[in-house]
2 protein chains.
Amino acid sequence: MILARIQKLSVAIPENLAEMLEEEIIFGRLKSLERLTEETVAARYGVSRSPVREALRLLERDGLVMREARRGIWVSPMTQRDFDEVYTCRIELEGLVAKQAAESADIEKKAEFKNLLSELKQAQARNDARQFFIVDVRGSLLTYTLAGNKTLTRLLGGLEKQALRYRYHAYEQDPKIIQLSLDDTARIYDAITAGDGESAKAMTENLIREIWQSMRAGIRDAFGEG
Amino acid sequence: MILARIQKLSVAIPENLAEMLEEEIIFGRLKSLERLTEETVAARYGVSRSPVREALRLLERDGLVMREARRGIWVSPMTQRDFDEVYTCRIELEGLVAKQAAESADIEKKAEFKNLLSELKQAQARNDARQFFIVDVRGSLLTYTLAGNKTLTRLLGGLEKQALRYRYHAYEQDPKIIQLSLDDTARIYDAITAGDGESAKAMTENLIREIWQSMRAGIRDAFGEG
DNA sequence: GACCTGTACATTGTATACAGTATGGTGTCG
DNA sequence: CGACACCATACTGTATACAATGTACAGGTC
């Protein structure tokens, strides 16, 4: 049973619940505008409504669900407008975090990028998109850790997940998009490891902008302009 | 009784609770590292622990309190390090929101900046720092509305409040800081109203950077480097 | 037939009861 | 006298019970 797994992993049920629901949303098993009633979620995971409510607050914080007072909670819609919002913010914040990560002197942690990159390549070779994105998230977390900026990390946490929804959708539409994503990621990792902050920032901004533009038309066709 | 006031204003108790606690923290009535036990807060406002827990989640989202699992919740500390984090993020995001606000065609809303500016001047003339900051926040909200970027607004909400703590402290130390803040704000409002996005962005970034630098030493002396 | 109104139901919001864990003090043993 | 173990206590975390509200549908009226 899933609950047992929760309890083994950690005592923090709301955080684990939120994590599972995040995955469901990112990988499209929970669809846009699908309703999430507290009791249904609670029953599904074998817990009471209390931790479910807290988990849903966490998802709301990260923009994955929308709440209307006394009416309920729905999975946030995906639209080109929202996509643009997420990516304009990402350009600024990912650029900043890349710069600060590059300025870190923690060589050991930086070395970890190499392992991640090979894991990404393996996932790509196996056409395992899900694994690819999971490793990609670990790369982001590593970057955040290197930057050592808690405030920035907090803000980015609320962007990454929504961004992943769009990226995963784009991959399903056209697997080649991962190729672009991998090349970009490799270059960013290199820049950070090299320690050149300004360069890392500029490269990150440009690369995210490229991905943004390359995905934009497909997002509009799939979800509308919003 | 406070509860009655809550119920009259809105049915959303957690949001109102959070707003009140935010004020307490921003204006220093709740001090750094002061513990917030759920029961104490609940008793103080005449509600049960359930809405208090939700309110504290909201404060956590905005970085005003820190939670340690199964240990409790404390008001977030103020340090120069945290101050730097907040302001480096603000530079990027406030610049972006100013640009997007400037690009809005909503002339009626833009006209509102004039009223806000005169209210700010009045508050300054009366040396009413509290009122000054309240109006200032309204100005930020107007800018966010003009920008029309929900994602950006969500992120900035989690920065503004922490930033206000530092700004209020700085004012208490040296009221002249408001003069700088007012001039800056007026220039930003003008740039947005004029509709020149790139200019508004650059000006905002520069002005926030100026405020940052002018406050930095005082923050370190008061709270340490962290 | 369209619109309004009232009522039943589903669901969120809040309060309370219970369980589990961290902390501080006290006592005992080395 | 110091260190460790144990217990009491206070608090967070979770479950459940209760209240309030929004929604949908049925019935009635114009």
Side-chain angles (χ1 to χ4, degrees), chain A residues 1-21 24-25 30-76, chain B residues 1-22 24-25 30-31 33-76:
Chain A
M1 184 60 201
I2 294 169
L3 176 59
R5 184 179 145 215
I6 294 177
Q7 288 178 337
K8 219 198 286 186
L9 285 173
S10 161
V11 284
I13 295 181
E15 278 76 5
N16 280 295
L17 265 179
E19 217 167 295
M20 294 187 191
L21 290 170
E24 304 265 330
I25 294 172
L30 286 173
K31 302 205 183 311
S32 287
L33 296 180
E34 188 167 337
R35 183 155 186 204
L36 291 174
T37 61
E38 297 174 358
E39 200 131 11
T40 306
V41 176
R44 182 168 166 202
Y45 290 100
V47 296
S48 79
R49 278 176 54 212
S50 306
V52 170
R53 280 181 75 83
E54 308 219 6
L56 291 176
R57 284 271 185 200
L58 294 174
L59 294 185
E60 192 187 2
R61 174 188 67 183
D62 292 340
L64 292 180
V65 302
M66 303 177 57
R67 148 176 316 204
E68 278 186 66
R70 292 186 193 280
R71 291 199 58 235
I73 287 185
W74 291 264
V75 176
S76 296
Chain B
M1 182 65 200
I2 294 169
L3 177 57
R5 185 181 142 214
I6 294 177
Q7 288 178 335
K8 219 196 289 187
L9 283 174
S10 160
V11 284
I13 295 182
E15 278 75 4
N16 280 294
L17 265 179
E19 216 168 296
M20 294 186 192
L21 290 170
E22 280 163 12
E24 305 265 329
I25 294 171
L30 286 173
K31 301 204 185 310
L33 296 180
E34 187 167 339
R35 181 152 188 206
L36 290 174
T37 61
E38 297 174 358
E39 200 133 9
T40 306
V41 176
R44 183 169 166 202
Y45 291 99
V47 296
S48 79
R49 278 177 54 212
S50 306
V52 170
R53 280 181 73 84
E54 307 218 8
L56 291 175
R57 283 274 186 198
L58 293 174
L59 294 185
E60 193 187 1
R61 172 188 69 182
D62 292 341
L64 293 179
V65 303
M66 302 177 58
R67 139 175 302 170
E68 277 186 65
R70 293 184 192 282
R71 292 198 59 233
I73 287 185
W74 291 263
V75 176
S76 295

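So you know, we letter chains A, B, ... as the sequences are listed, proteins then strands, and number each from 1. Given the structure is predicted, the values throughout are model-derived calculations rather than measurements.
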Presence of [X] side-chain N/O under 4.0 Å of [N] phosphate oxygens OP1/OP2:
X	N	value
A:R53	C:dT12	no
A:R70	C:dT11	no
A:S48	D:dA15	yes
A:R71	C:dT11	no

The nucleotide from D:dT14, C:dG13, C:dT14 with an atom nearest the side chain of B:P51 is C:dT14
What's the closest nucleotide to the side chain of B:R49 if the choices are D:dG13, C:dT14, C:dG13? D:dG13
Is there a side-chain contact between B:E39 and B:V52, using heavy atoms and a 4.5 Å cut-off? no
Is the closest side-chain heavy-atom distance between A:V75 and A:K31 below 4.5 Å? no
Atom-pair distance ([atom1] on [X]; [atom2] on [N]), nearest Å:
X	N	atom1	atom2	answer
A:E68	D:dT21	CD	C1'	14 Å
B:I13	D:dT21	CD1	P	11 Å
A:I73	C:dT11	CD1	P	14 Å
B:E54	D:dT12	CD	P	16 Å

Working to the nearest 0.5 angstrom, can you tell me the gap between [X] [atom1] and [Y] [atom2]?
X	Y	atom1	atom2	answer
A:M20	A:R44	CE	CZ	10.0 Å
B:I73	B:L56	CD1	CG	4.5 Å
A:S48	A:R53	OG	CZ	11.0 Å
B:E60	B:R67	CD	CZ	5.0 Å

Heavy atoms of other groups near B:E34 CD, more than 12 under 6.0 Å: yes
Short N-O contact, B:E15 and A:R57, less than 4.0 angstrom: yes
B:D62 versus B:E22, closest heavy-atom pair with distance: OD2-OE2, 3.8 Å
Using a cut-off of strictly less than 4.0 Å between a heavy atom of the residue and any atom of DNA chain C, enumerate the qualifying residues of residues 30-42 of chain A by number. A:R35, A:L36, A:T37, A:E38
In residues 55-62 of chain B, which ones come under 4.0 Å of DNA chain C, going by heavy atoms? none
